[in-house]
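So you know, we letter chains A, B, ... as the sequences are listed, proteins then strands, and number each from 1. Everything numeric in this text was worked out from a predicted model, so none of it was measured.
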Amino acid sequence: MTKADFFEQVYQVVRLIPFGRVTSYGAIASYLGSASSARMVGWAMNNAHHQEPKVPAHRVLNRFGALSGQAHFGPGVMQKLLEEEGIMVIDNQVQHFEKHFWDPRKELEL
DNA sequence: GTGGTGACGACAC
DNA sequence: GGTGTCGCCACCA
């Protein structure tokens, strides 16, 4: 188990997010066993930009369902992608976040 | 080598 | 209940 694996695990989980679903940094961190390492998940996302295949990081939001990393993706890109999946996004905030929330810890049955 | 910061979250006061 | 602070681990200056 290396730190690189931690990042890879993050990418793996993010890629497993179904169409029209979103998750949070904390949920992924919790699934990986480091609930308080949500920041690392965010950093992993930063690195995800130069990962292949491209990681659907636009499906990863903060605990409030806000598009915290929109600026890193591109202005309006993240929101547009989510809307394309049928997710309503208003003011950089996902509506019915709970409904679209995909918890790897539950869905993948840790 | 040390200090500060970051796409966050939880707990303490 | 709102605000503040700490934790987590890696990267950059």
Side-chain angles (χ1 to χ4, degrees):
Chain A
M1 175 69 169
T2 67
K3 51 198 172 180
D5 289 333
F6 180 83
F7 278 42
E8 191 171 342
Q9 290 290 355
V10 175
Y11 307 140
Q12 187 84 4
V13 173
V14 175
R15 283 185 215 135
L16 290 174
I17 301 173
F19 182 89
R21 298 287 172 127
V22 293
T23 191
S24 66
Y25 304 98
I28 296 172
S30 179
Y31 174 71
L32 296 178
S34 300
S36 49
S37 299
R39 301 181 101 163
M40 284 294 78
V41 178
W43 186 247
M45 293 292 94
N46 189 345
N47 196 26
H49 271 288
H50 58 86
Q51 292 300 317
E52 290 292 343
K54 294 296 195 303
V55 179
H58 62 276
R59 291 178 183 159
V60 184
L61 314 169
N62 66 5
R63 192 64 181 104
F64 299 95
L67 283 59
S68 35
Q70 185 196 38
H72 286 259
F73 253 85
V77 176
M78 196 171 179
Q79 179 173 336
K80 188 179 180 72
L81 289 170
L82 290 171
E83 289 182 337
E84 287 293 306
E85 300 192 3
I87 299 173
M88 190 190 302
V89 180
I90 300 175
D91 189 40
N92 297 335
Q93 185 176 293
V94 174
Q95 305 302 303
H96 304 287
F97 175 65
E98 249 174 87
K99 190 174 85 169
H100 295 296
F101 184 68
W102 182 81
D103 187 354
R105 191 132 132 117
K106 181 177 181 178
E107 300 299 326
L108 300 179
E109 291 186 79
L110 176 59

**Report entry** Flag if over 12 foreign heavy atoms under 6.0 Å of CZ, F19(A)
**Finding:** yes

Are side-chain N/O atoms of S68(A) and Y25(A) paired as donor and acceptor at under 3.5 Å? yes

R39(A) has its side chain closest, among dG9(B), dA7(B), dC8(C), to dC8(C)

Going by modelled atom types, is there a donor-acceptor pair between the base of dA7(B) and the side chain of H58(A) at under 3.5 Å? no

So the salt bridge (charged side-chain N to carboxylate O under 4.0 Å, His left out) pairs with at least one residue in residues 50-62 of chain A (sequence neighbours excluded) are E52(A)-K54(A), R59(A)-E85(A)

Review point. Would you say dC8(B) has OP1 or OP2 under 4.0 Å from some side-chain N or O of S24(A)?
Key: no

Winner on side-chain proximity to A38(A), out of dA7(B), dG9(B), dC9(C), is dG9(B)

> Distance-only, no hydrogens or angles: does the Q79(A) side chain make a donor-acceptor pair with backbone N or O of V89(A) under 3.5 Å?
Replying inline: yes

To the nearest angstrom, the CG-P distance between L32(A) and dA10(C) comes to 13 Å

note: L67(A), atom CG; dA7(B), atom P; distance rounded to Å ~ 14 Å

Rounded distance in Å between the P positions of dC8(B) and dG1(C): 25 Å

Nearest-angstrom distance, P atom, dA7(B) to dT3(C)
22 Å

| Is there a donor-acceptor contact under 3.5 Å from the side chain of D91(A) to the main chain of Q93(A)? | no

Y25(A) has its side chain closest, among dA7(B), dA10(C), dC8(C), to dA7(B)

Of the candidates dA7(B), dG6(B), dC11(C), the side chain of M40(A) sits closest to dG6(B)

I'd like to know if the side chain of S37(A) reaches the main chain of A29(A), judged simply by a donor and an acceptor atom lying under 3.5 Å from each other, with no hydrogens or angles considered. no

Winner on side-chain proximity to F73(A), out of dC8(B), dA7(B), dG9(B), is dA7(B)

Of the listed dC8(C), dA10(C), dC8(B), the closest approach to the S37(A) side chain comes from dC8(C)

DNA chain B in dot-bracket form (Watson-Crick or G-U pairs under 3.5 Å, [ ] crossing, | inter-strand) is .|||||.||||||

